[in-house]
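Have a look at the structure below before the remarks.
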Amino acid sequence: MAAALPFEGVGKPFLREGPAYERDTVVAEALDGVLGRAIFALPDGAEWFSGHVALFESARQFQVIASPAAGCADGCDCSPDDGSRRFRLVFKEARRQRLAHAVVDATGGDYIQFDAADAAGCHFEPDKMVAGEREVDALLDAFFPRLAKRGADARANGEAFACVVVFGRLVCQQLLLFAPKGDNAPAPAKRKFSALVDSGPLIEGGDGGESG
């Protein structure tokens with residue numbers, strides 16, 4: 001059975017209610033030339049992956065959920081012949097209540113990389129992968145608390161659990177951020193950012209709002 005999508009409130013509800021959501025939102029902002037440091041967790045056997053991205057210039061941070069693309073518009077190649085897998089990325093900026101989405105084609109297995117498959121123009125180039133159980137567990141505790149709990153529960157029940165964590169650089173040509181109609185888009189509260197050795201500019205620690 002396929003693993004459930006992570007961080008309830010972002011993944012399954014948005015995908016299930018996407019059309020209704022889009023009817024009740026407006027484009028609040030267009031981010032051009034997005035460039036940031038990203039961290040992704042890829043649980044073994046899951047059809048999804050999730051992560052965070054912190055933008056270099058503004059230090060704005062987004063949670064990211066990637067799920068298999070369910071379909072494409074007319075003229076879109078939904079089944080690339082190069083062995084890649086097509087994902088729909090949903091970016092969530094929780095404090096501004098804004099969402100963006102993009103479609104990408106991913107290759108590389110666990111050492112994932114992806115290229116744009118729509119006008120958002122998102123590319124991810126990995127530069128570091130962590131696979132050791134102890135190191136992965138520390139990263140999950142810091143950035144993916146719900147996924148960390150899932151792994152701990154699985155092991156306590158004698159079930160297998162494995163995950164890899166990948167760091168790299170994320171670039172998007174343009175992200176359209178949607179917000180609820182009537183949203184005044186208040187500035188986000190001041191945030192604290194942590195850093196990991198050799199990981200580059202980083203990424204706020206887990207606030208319980210994402211994967212698991």
If you take all heavy atoms of Asp141 and Ala148, which pair is closest and at what distance? OD1-CB, 3.3 Å

Whether Asp118 side chain and Val103 backbone form a donor-acceptor pair below 3.5 Å: yes

Quick one: side chain to side chain contact (heavy atoms under 4.5 Å, CB included) partners of Gln173, sequence neighbours excluded? none

With sequence neighbours left out, the residues meeting ring-ring contact (aromatic ring centres under 6.0 Å, His included) with Phe87 are Phe49

Nearest heavy atoms of Leu31 and Leu55, plus distance in Å: CD1-CD1, 4.3 Å

By the definition side chain to side chain contact (heavy atoms under 4.5 Å, CB included), identify the one residue from Val90, Leu99, Val34, Val53 that meets it with Phe62. Val53

Answer yes or no: is there a side-chain heavy-atom contact under 4.5 Å between Val164 and Val136? no

As an exercise, state the distance from CZ of Arg169 to CG of Leu35, rounded to the nearest 0.5 Å. 4.5 Å

Under the salt bridge (Lys or Arg N to Asp or Glu O under 4.0 Å) rule, collect the residues that match up with Asp153, sequence neighbours excluded. Lys149

Are Pro43 and Phe144 side-chain neighbours, meaning at least one heavy-atom pair lies under 4.5 Å? no

Output, in order, the C-alpha distance, side-chain angles, deciding distance and verdict of ring-ring contact (aromatic ring centres under 6.0 Å, His included) for Phe40 and His52. CA-CA 7 Å; Phe40 292 115; His52 304 271; 9.2 Å; no

Any residue meeting salt bridge (Lys or Arg N to Asp or Glu O under 4.0 Å) with Glu29, in chain and number order, not counting sequence neighbours: Arg60, Arg98

Under the side chain to side chain contact (heavy atoms under 4.5 Å, CB included) test, which residues partner Leu176, sequence neighbours left out? Val27, Ala30, Gln174, Phe178

Hey, could you give me the OG1/CG distance between Thr25 and Leu177, rounded to the nearest 0.5 Å? 11.0 Å

Test of understanding: with side chain to side chain contact (heavy atoms under 4.5 Å, CB included), list the residues that count as partners of Glu159, not counting sequence neighbours. Ala154, Asn157

So does Arg155 pair up with Asp137, basic N to acidic O under 4.0 Å? yes

Minimum side-chain heavy-atom gap Leu89-His101 below 4.5 Å: no

